[in-house]
Amino acid sequence: MTTNRLIIIFLLGIIGTGIFMRITPKADQSVPVVYLKHGSISESIQERGVFVPIEQQKIYSEISGQIERIPVQEGQLISRNQALLNVNKTDINYQISQVAYKWKSEMIESSHLSRQIKHKRALAKQHIISIEDLQSLNASLEKLNLSIEALSDEVIHLKHKRHLYNVVSPIEGAISSIFVNEGQMIETGTLLMEIKNPKKLKIEVLIQEYESHKIKVGQPVRIKSPIFPEEPLQGKVAMIVPSIAEKPGASGMKIEIMIEDDLSRFNVHPGNQVDLEIFLSHKDDCLYLPIGAVKKIKNNYFVSLKNGLQNKQVLVGLQDQNRIEILDGLDVNEGVVHVSTY
């Protein structure tokens, strides 16, 4: 009897507990809520670029002949006007000597003809010879003098050309490639060498087509690299080259970034890659939300309000990696649900 009574009391207790739990209201489950904040936003693009020389020069032959000597080698540092290559001058020296000999001969002939004209002029005054004979001699002297002037110009031209047989560097830098050998016959326009200046660098980067319209000359750039881990360098967009397609199916534009900080402190070389942040626009004292609190549906933007979790359309402005500007549609006192899955 006592046992049955205890069983009944236990069952009644379970039933009462269940009833109590059913009629007791559940505590509110909290949801993450954010509100509009004042601050600044910098809209930017993250890209990866590469250091390339600002000064690079391909050296072409301006004359034809046989290479006599190449006193430099690939990788060698060179100064401006340093000798790079010598072409055999036997032919050009022979041409100069032939023209110079002809010029000297005609100068002697001109001197003799001038003396002859002086004598004939006296005879013409005495009517011993005709005026026509004197005029003929004057015409011959004039023609000879024109030939002498042309020969003089040709000697000057050939001597200038002879300087081209000694190829020198137009810039300071390093020999990146040599395309010819000693003893090789070359023609005008033959590619001889390529020189790059590793001390003067810029950055090149390919911008994808869907973002290319945002890029403008003068935009600031933050440059990061493990080569200078403690402080990012500063630069700016210096040049835009549109319609670049480096890979099949890829298009966009190449931009050049000039570095405003001193690179000499770091061990930077052409070919080193860097991470870039190109700042497209900046705005101070704007109202913003965390970017994850705003949902984009087609071309419209919405937030979920705390009261009822209904979607409310908002007008947005600038955005960066973490923030998005709210221009209209939300009051500073309205809480917005911000769940990490958004």
Visitor: What do the steps show when you test Glu231 against Arg265 for salt bridge (charged side-chain N to carboxylate O under 4.0 Å, His left out), and what is the final call?
Guide: CA-CA 12 Å; Glu231 53 176 317; Arg265 300 173 292 160; 3.3 Å; yes
Visitor: Are Lys202 and Met239 side-chain neighbours, meaning at least one heavy-atom pair lies under 4.5 Å?
Guide: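 They are not in contact (no side-chain heavy atoms under 4.5 Å apart), so the answer is no.
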Visitor: If you compare all heavy atoms of Asn300 against all heavy atoms of Phe302, which two are closest, and at what distance to 0.1 Å?
Guide: CB-CE1, 3.6 Å
Visitor: For residues 161-168, please give each side-chain donor-acceptor pair under 3.5 Å, one per line with the distance, not counting sequence neighbours.
Guide:
unit_1 : atom_1 : unit_2 : atom_2 : d
Arg162 : NH1    : Asn93  : OD1    : 2.9
Asn166 : OD1    : Asn86  : ND2    : 2.9
Asn166 : OD1    : Lys89  : NZ     : 2.8

Visitor: Are side-chain heavy atoms of Asp285 and His38 found at a separation under 4.5 Å?
Guide: yes
Visitor: If every non-hydrogen atom of Ile41 is compared with every non-hydrogen atom of Glu325, which pair is closest and at what distance?
Guide: CD1-N, 3.6 Å
Visitor: Quick one: CG on Leu263 to NE2 on His269, what's the gap to the nearest 0.5 Å?
Guide: 11.5 Å
Visitor: Does any N or O in the side chain of Ser111 come within less than 3.5 Å of the main-chain N or O of Met107, such that one atom is a donor and the other an acceptor?
Guide: no
Visitor: Can Ile255 be reached from Leu280 by stepping across I, L, V, M, F, W or Y side chains whose heavy atoms are under 4.5 Å apart?
Guide: yes
Visitor: Main chain of Glu106, side chain of Ser110: is a donor-acceptor contact present, judged purely on distance under 3.5 Å?
Guide: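 Judged by distance alone, no pair lies under 3.5 Å.
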Visitor: Report, as yes or no, whether the 6.0 Å neighbourhood of atom NZ on Lys312 holds more than 12 heavy atoms from other residues, nucleotides or ligands.
Guide: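 Enclosed.
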Visitor: Mind listing the closest non-hydrogen atom pair of Val33 and Gly335 along with its distance?
Guide: CG1-CA, 3.5 Å
Visitor: Taking the side chain as every heavy atom from C-beta outward, state whether Ile259 and Phe51 have any atom pair closer than 4.5 Å.
Guide: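 Sidechains of Phe51 and Ile259: in contact.
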Visitor: As an exercise, state the distance from CD of Gln98 to CG of Leu158, rounded to the nearest 0.5 Å.
Guide: 11.5 Å
Visitor: Any non-hydrogen side-chain atom of Val294 less than 4.5 Å from a side-chain atom of Gln319?
Guide: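 No. Closest side-chain heavy atoms not under 4.5 Å.
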Visitor: Assigning hydrophobic clusters by single linkage (Ile, Leu, Val, Met, Phe, Trp, Tyr; side-chain heavy-atom cutoff under 4.5 Å), is Tyr301 placed with Ile326?
Guide: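 As far as the 4.5 Å side-chain criterion goes, Ile326 and Tyr301 are connected within one cluster.
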Visitor: Is the backbone of Gln234 close enough, under 3.5 Å, to the side chain of Asp261 for a donor and an acceptor to pair up by distance?
Guide: yes
Visitor: Report yes if some heavy atom in the side chain of Leu289 is under 4.5 Å from a heavy atom in the side chain of Leu36; otherwise report no.
Guide: yes
Visitor: Rounded to the nearest 0.5 Å, what's the gap from CD1 on Ile215 to CD on Glu47? Could you check?
Guide: 8.0 Å
Visitor: Are Ile54 and Asn197 side-chain neighbours, meaning at least one heavy-atom pair lies under 4.5 Å?
Guide: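 When only atoms from C-beta onward are counted, Asn197 and Ile54 do not touch, as no gap falls below 4.5 Å.
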Visitor: What's the shortest heavy-atom distance between Tyr35 and Val332, and which atoms?
Guide: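 Closest pair (atom of Tyr35, atom of Val332, distance): CD2-O, 3.7 Å.
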Visitor: Could you go step by step and tell me if Leu330 and Leu305 meet the side chain to side chain contact (heavy atoms under 4.5 Å, CB included) rule?
Guide: CA-CA 10 Å; Leu330 188 67; Leu305 298 183; 3.8 Å; yes
Visitor: Between Glu211 and Gln208, is there a donor-acceptor pair closer than 3.5 Å when you use the side chain of the first and the backbone of the second?
Guide: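 Pair absent, no side-chain N/O of Glu211 close to backbone of Gln208.
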Visitor: Where do Asp284 and Ser40 come nearest, in terms of heavy atoms and distance?
Guide: OD1-CB, 3.3 Å
Visitor: In Å, rounded to the nearest 0.5 Å, how long is the span from OG of Ser212 to CD1 of Ile45?
Guide: 8.5 Å
Visitor: As a quick check of understanding, evaluate side chain to side chain contact (heavy atoms under 4.5 Å, CB included) for Lys102 and Glu154, giving each step before the final call.
Guide: CA-CA 11 Å; Lys102 188 175 180 181; Glu154 187 175 357; over 6 Å; no
Visitor: Restricting to non-hydrogen atoms, name the atom on Gln76 and the atom on Val72 that form the minimum distance, rounded to 0.1 Å.
Guide: OE1-CA, 3.4 Å
Visitor: To the nearest 0.5 angstrom, please state how far the CG atom of Leu144 sits from the CG atom of Leu113.
Guide: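 One finds 6.5 Å between CG of Leu144 and CG of Leu113.
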Visitor: Please lay out, stage by stage, how Ile278 and Ser44 fare under the test side chain to side chain contact (heavy atoms under 4.5 Å, CB included).
Guide: CA-CA 5 Å; Ile278 305 169; Ser44 63; 5.9 Å; no
Visitor: Is there a chain of hydrophobic side chains (I, L, V, M, F, W, Y, each step under 4.5 Å between heavy atoms) that links Leu191 to Ile78?
Guide: no
Visitor: Could you tabulate the donor-acceptor pairs under 3.5 Å formed by side-chain atoms of residues 221-228, not counting sequence neighbours?
Guide:
unit_1 : atom_1 : unit_2 : atom_2 : d
Arg222 : NH1    : Glu277 : OE1    : 3.0
Ser225 : OG     : Ile227 : N      : 3.1

Visitor: Report yes or no: do Ile240 and Ile257 belong to one cluster of Ile/Leu/Val/Met/Phe/Trp/Tyr joined by side chain heavy-atom distances under 4.5 Å?
Guide: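 Linked within one cluster.
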Visitor: Do Asn138 and Ser136 have side chains that get closer than 4.5 Å, going by heavy atoms?
Guide: no
Visitor: Looking at Glu142, I want to see if its CD is surrounded by more than 12 non-hydrogen atoms of other residues, nucleotides or ligands under 6.0 Å.
Guide: no
Visitor: Does some side-chain heavy atom of Leu192 sit less than 4.5 Å from a side-chain heavy atom of Leu84?
Guide: no
Visitor: Are Val237 and Val50 in one and the same hydrophobic cluster, where Ile, Leu, Val, Met, Phe, Trp and Tyr link if side-chain heavy atoms are under 4.5 Å apart?
Guide: no
Visitor: So does Lys143 get a backbone contact from the side chain of Ser147, meaning a donor-acceptor N/O pair under 3.5 Å?
Guide: no
Visitor: Would the distance check show the side chain of Lys159 and the main-chain N or O of Ile96 forming a donor-acceptor pair, the cut-off being under 3.5 Å?
Guide: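 A pair under 3.5 Å: no.
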Visitor: Between side-chain atoms of residues 171-185 and protein atoms elsewhere (two or more places apart, or another chain), which donor-acceptor pairs fall under 3.5 Å?
Guide:
unit_1 : atom_1 : unit_2 : atom_2 : d
Ser176 : OG     : Glu194 : O      : 2.9
Glu182 : OE2    : Ile70  : N      : 2.9
Gln184 : OE1    : Asn181 : N      : 3.1

Visitor: Under the side chain to side chain contact (heavy atoms under 4.5 Å, CB included) criterion, do Lys295 and Ser304 qualify, and how do the steps go?
Guide: CA-CA 9 Å; Lys295 296 179 291 185; Ser304 296; 3.3 Å; yes
Visitor: Give, for atom CE of Met253 and atom CD1 of Ile207, the distance between the pair rounded to the nearest 0.5 Å.
Guide: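 So the CE of Met253 and the CD1 of Ile207 are separated by 6.0 Å.
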